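Some notes on the structure that comes next.
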Amino acid sequence: MTAETSQTLDRGLRVLKLLADTDHGLTVTELSNKLGVNRTVVYRLLATLEQHALVRRDLGGRARVGLGVLRLGRQVHPLVREAALPALRALAEDVGATAHLTLVDGTEALAVAVVEPTWTDYHVAYRAGFRHPLDRGAAGRAILTARQPGEADAPGYTLTHGELEAGASGAAAPLIGVTGVEGSVGVVMLADSVPERVGPRVVDAAREVADALR
């Protein structure tokens with residue numbers, strides 16, 4: 001802590017981070033131990049966060065992240081999209097295919113940014129807001145692979161064909177090392193298979209996006 005920072009705000013943010021890292025919630029005592037402060041301080045922090053719907057407490061007294069964080073989260077996608085667009089534009093123009101940034105939204109993959117190439121005669125119409133299961137399509141499969149590093153493909157990217165649209169092939173690489181963001185960068189094209197050079201290029205683009213988001 002420095003003279004320019006707020007100890008109370010710091011503790012409140014730490015409470016939110018601790019609650020976000022658990023699926024079963026935390027008691028006042030558990031939070032007190034983790035924060036290294038007395039229970040009275042924790043009660044005050046929780047009461048304040050509850051007023052803003054950022055925290056809720058169940059009947060057993062365990063604190064959990066509240067639905068108020070969803071309102072804050074809605075503002076994240078535009079910021080992420082803006083940061084990713086330069087790398088997506090370069091990727092789309094380079095390989096002549098529709099490039100996209102896909103993030104996890106619950107149990108689905110959600111395309112939050114899409115860039116189409118300007119010089120091709122035709123390309124796949126892929127729109128921001130498009131959703132699909134995580135276990136279908138290159139974008140979702142790349143994310144699932146990143147959740148299990150031991151099973152990651154050696155090249156660092158995932159290839160699929162015809163899983164979301166007949167005749168379309170996809171390549172995607174996961175975002176690595178971006179705290180709080182789980183997603184992938186990829187391309188989709190009308191082809192029987194993805195050209196060999198596209199996979200490594202997608203990995204490079206995913207790295208560029210990750211760097212922009214750090």
Side-chain angles (χ1 to χ4, degrees), residues 4-5 9-10 13-14 16-17 20-21 65 69-120 123-132 134 137-149 152-160 164 168-189 194-214:
E4 293 79 18
T5 60
L9 178 58
D10 177 73
L13 292 174
R14 289 170 62 193
L16 289 176
K17 289 180 180 179
D21 288 337
V65 173
V69 300
L70 294 178
R71 290 194 293 272
L72 299 177
R74 292 191 188 102
Q75 303 306 313
V76 172
H77 285 175
L79 295 175
V80 173
R81 180 166 54 246
E82 183 178 349
L85 282 177
L88 293 180
R89 289 194 187 99
L91 176 62
E93 293 298 311
D94 188 14
V95 304
T98 302
H100 54 83
L101 169 66
T102 298
L103 300 182
V104 172
D105 188 23
T107 60
E108 295 181 311
L110 170 65
V112 299
V114 176
V115 176
E116 299 175 349
T118 61
W119 56 269
T120 56
H123 50 261
V124 176
Y126 195 84
R127 297 287 180 262
F130 177 65
R131 294 174 178 271
H132 60 85
L134 284 172
R141 290 187 181 277
I143 293 169
L144 293 178
T145 297
R147 291 179 177 179
Q148 304 175 21
D153 295 334
Y157 55 86
T158 299
L159 303 178
T160 59
L164 296 177
S169 293
L175 296 176
I176 303 297
V178 184
T179 302
V181 177
E182 190 179 23
S184 66
V185 170
V187 295
V188 58
M189 58 183 64
V194 175
E196 186 175 341
R197 78 178 187 92
V198 172
R201 181 64 183 84
V202 166
V203 173
D204 289 341
R207 187 179 300 113
E208 292 172 17
V209 172
D211 289 343
L213 294 175
R214 290 194 184 101

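This one's a predicted model, so the numbers in the text were calculated from it and none came from an experiment. Hydrogens, waters and symmetry mates play no part in the numbers below; they use all other heavy atoms, side chains included. Heads up: numbering here begins at 1 and tracks the sequence.
Shown here is E82, whose CD atom has no more than 12 heavy atoms of other residues, nucleotides or ligands within 6.0 Å.
The heavy-atom pair separating W119 from E93 by the smallest distance is NE1-O, 2.8 Å. Residues S184 and A142 come closest through the heavy atom pair CB-CB, 4.2 Å. Counting all heavy atoms, side chain and backbone alike, R214 lies closest to I176 at NH2-O, 2.8 Å. Taking each heavy atom of V194 and S169 in turn, the nearest pair found is CG2-CB, 3.7 Å. When all heavy atoms of A92 and P117 are compared, the closest pair comes out as O-CB, 3.5 Å. Scanning all heavy atoms of the two residues, the minimum distance from L91 to V185 falls at CD2-CG1, 3.9 Å.
With a 4.5 Å cut-off on side-chain heavy atoms, L101 and L175 count as touching. F130 is not listed as a side-chain neighbour of V114, based on a closest heavy-atom distance of 4.5 Å or more. Between L134 and R147, some side-chain heavy-atom pair lies under the 4.5 Å cut-off.
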**OP:** Just do the side-chain contact (heavy atoms from CB on, under 4.5 Å) check on M189 and T120 with the steps written out, would you?
**Re:** CA-CA 11 Å; M189 58 183 64; T120 56; over 6 Å; no
**OP:** Determine, stepwise, if the pair E116 / R127 fulfils salt bridge (Lys or Arg N to Asp or Glu O under 4.0 Å).
**Re:** CA-CA 10 Å; E116 299 175 349; R127 297 287 180 262; 2.6 Å; yes
**OP:** Let me see the working for D94 and R197 under side-chain contact (heavy atoms from CB on, under 4.5 Å), right down to the final yes or no.
**Re:** CA-CA 11 Å; D94 188 14; R197 78 178 187 92; 3.6 Å; yes
Subject >> From CA spacing to verdict: side-chain contact (heavy atoms from CB on, under 4.5 Å), D105, V112 >> reply: CA-CA 10 Å; D105 188 23; V112 299; over 6 Å; no
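D204 has no carboxylate O lying under 4.0 Å from a charged side-chain N of R201, or vice versa, which leaves the two without a salt bridge.
Annotation: the span from R131 atom CZ to T102 atom OG1 amounts to 11.5 Å, rounded to 0.5 Å. Within the model, atoms NE2 of H132 and CG of L164 stand 5.0 Å from one another, a figure rounded to the nearest 0.5 Å.
The closest donor-acceptor contact from the side chain of R81 to the backbone of A113 lies at 3.5 Å or more, if one exists at all.
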